[in-house]
Chemist: 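Before I ask anything, here is the structure I am working with.
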Amino acid sequence: MPELPEVETVVRDLRPRLRGRRLAHVRQTSRHTLRTRWLPSWNAVVAGQRIDGVTRRGKWILVTLANGAFLVFHLGMTGQLTVVPVATPLAEHTHLIFDLDDGTQQLRFRDIRRFGSVRFYPNQQALEDFFAAAHLGPEPFDVPAQYWRDCLHGSRRCLKAVLLDQRVVAGVGNIYADESLFEARLHPARRACDLEKTEADRLRRAVAKVLRRAIARRGASIRNYVGGSGLRGKYQNEFRVYGRTGAPCPRCGTAVESLRLAGRSTHFCPMCQKHQTTDHTDKSKKQFGSKKLLRLRS
DNA sequence: ATAGGCGCCTGCTGGC
DNA sequence: TGCCAGCAGGCGCCTA
């Protein structure tokens, strides 16, 4: 999917194009439906409403309406939310068309694989309840240091799995998990609870740094992603490990390796991202140690 | 608690 | 050339 940098780019593109304008009319165009489909009853509440803001929370796009309601979009793997002139040919897999007030432009939601969704919340409280129920973690740019250390220290999962968990931190996906771990020089299969304090801090800063840089490049376009104006991102040209299996590590020249972790393809440099920081050759002994520690703690 | 597998979808690539 | 398995930026659900 669009991960945080791509979603942020969409939001920044859409904001000036949508803020202050009215949603005149909404219609579903595709005979297929989205995972969370547009309900007819939402039309009455949304039609005629002015858009007060377009913001982001994790990978969710929030459109605030003047009546206090929210439209919430998730782009899934292939979602595109763009503002285009009405004359623009309708691309295949376009599911929703929002006519804007002056009749010259439309907000369109297109999603090839239909993993994306659209939701409606009548007020702020309903929206907050939704995020609370999802246990959505903090934004990566303001993760409290102690919270982060606690999250890692309390988890026996591998770092890759922890980074992908939206409850720990919101917005990181497969690409930026790999790129962040490379930036922090940490092996993706390391157990979270095995990290030293300095390593945990390094990872927290690495995630923010990588995401900021990706946002500055308008995110990464591998296949389907485009921003809110239809422009592609540029960060794919700066991937250091993601999708670069066999290619030389930009730091040391060693061939980038890949493996499967948390069900996802994972890329790393075996030289820059050593699994062990200290010389533990006996893995089983180390695992036992962590297990024992966990038992003592609980 | 956590890993692993599946399902949801369509489209593209690489191997045969 | 054609077919088919495998894979893809997400996520929720289930089982062991």
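The shown structure was predicted, so the numbers you read here are calculated from the model rather than taken from an experiment. Chain letters run A, B, ... following the sequence lines, proteins first, then strands; residues in each count from 1.
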Chemist: To the side chain of A:Ser265, which of C:dA8, B:dT2, C:dC11 is closest?
Modeler: C:dA8

Chemist: How would you label the contact of A:Gly263 with the nucleic acid (heavy atoms, under 4.0 Å): base, sugar-phosphate, or nothing?
Modeler: nothing

Chemist: If you measure only the distance, is there a donor-acceptor pair under 3.5 Å linking the side chains of A:Arg21 and A:Gln105?
Modeler: yes

Chemist: What about A:Arg113, does its side chain sit under 3.5 Å from the base of B:dC9 through a donor-acceptor pair?
Modeler: yes

Chemist: Quick test of your reading of the model: are A:Arg240 and A:Glu183 salt-bridged, counting only N-O distances below 4.0 Å?
Modeler: yes

Chemist: Side-chain N or O of A:Arg167 versus OP1/OP2 of B:dA1: is the shortest distance under 4.0 Å?
Modeler: no

Chemist: Any side-chain N or O of A:Thr78 less than 4.0 Å from the OP1 or OP2 oxygen of C:dA8?
Modeler: no

Chemist: Look at atom CZ of A:Arg167 and say whether more than 12 heavy atoms of other residues, nucleotides or ligands are closer to it than 6.0 Å.
Modeler: no

Chemist: A:Arg191 CZ to B:dT2 P: how many Å, rounded?
Modeler: 10 Å

Chemist: Is the shortest side-chain N to carboxylate O distance from A:Asp99 to A:Arg27 below 4.0 Å?
Modeler: yes

Chemist: Is A:Arg113 salt-bridged to A:Asp111, cutoff N-O under 4.0 Å?
Modeler: no

Chemist: To the nearest Å, give me how far apart OH (A:Tyr225) and C1' (B:dT10) are.
Modeler: 20 Å

Chemist: What nucleic acid atoms does A:Ala220 come within less than 4.0 Å of, heavy atoms only: base, sugar-phosphate, or nothing?
Modeler: base

Chemist: Classify the nucleic acid contact of A:Tyr176 as base, sugar-phosphate or nothing, counting any heavy atom under 4.0 Å across all strands shown.
Modeler: nothing

Chemist: Watson-Crick or G-U wobble partner for C:dG2, using a 3.5 Å limit on both distances?
Modeler: B:dC16

Chemist: When you get a sec, tell me which of C:dA8, B:dC8, C:dC11 is the closest nucleotide to the side chain of A:Arg260?
Modeler: C:dA8

Chemist: Rounded off to whole Å, could you give me the CZ-to-P distance for the A:Phe130 and C:dC11 pair?
Modeler: 10 Å

Chemist: Is there a side-chain contact between A:His32 and the phosphate of B:dC9, meaning an N or O under 4.0 Å from OP1 or OP2?
Modeler: no

Chemist: Quickly work out the A:Leu34 CG to B:dT10 P distance and round it to whole Å.
Modeler: 12 Å

Chemist: Taking CZ from A:Arg156 and P from B:dT2, how many angstroms apart are they, rounded to a whole number?
Modeler: 8 Å

Chemist: Can you tell me, in whole Å, how much space there is between the P of C:dA5 and that of B:dC6?
Modeler: 15 Å

Chemist: Is it true that atom CZ of A:Arg232 has more than 12 heavy atoms of other residues, nucleotides or ligands lying nearer than 6.0 Å?
Modeler: yes

Chemist: With a non-hydrogen cut-off below 4.0 angstrom, is A:Ile222 in contact with a base, only sugar-phosphate, or nothing?
Modeler: base

Chemist: What integer distance in Å separates A:Gln80:CD from B:dT10:C1'?
Modeler: 13 Å

Chemist: Check A:Glu139 with A:Arg56, please: is the shortest side-chain N to carboxylate O separation under 4.0 Å?
Modeler: yes

Chemist: Expressed as a whole number of angstroms, how long is the span from A:Asn174:CG to C:dA8:P?
Modeler: 8 Å

Chemist: Nearest whole angstrom, please: distance from the C1' of C:dA8 to the CG of A:Leu164.
Modeler: 14 Å

Chemist: Quick check on B:dC9: is either OP1 or OP2 less than 4.0 Å from any side-chain nitrogen or oxygen of A:His93?
Modeler: no

Chemist: Would you classify A:Arg157 as touching base, sugar-phosphate or nothing, given that sugar-phosphate means primed atoms plus P, OP1 and OP2, and contacts are heavy atoms under 4.0 Å?
Modeler: sugar-phosphate

Chemist: Where the side chain of A:Tyr242 is concerned, which of B:dG11, C:dA8, B:dT2 is the nearest nucleotide?
Modeler: C:dA8

Chemist: With rounding to the closest Å, how many angstrom separate the P atoms on C:dC7 and B:dG4?
Modeler: 16 Å

Chemist: Between B:dG5 and C:dG6, how far apart are the two P atoms, rounded to whole Å?
Modeler: 14 Å

Chemist: Taking N and O atoms by type only, does the side chain of A:Arg114 place a donor or acceptor under 3.5 Å from a partner on the base of B:dC8?
Modeler: no

Chemist: Taking 5.5 Å and 30° as the limits, would you call A:Phe115 and the base of B:dC8 a stacked pair?
Modeler: yes

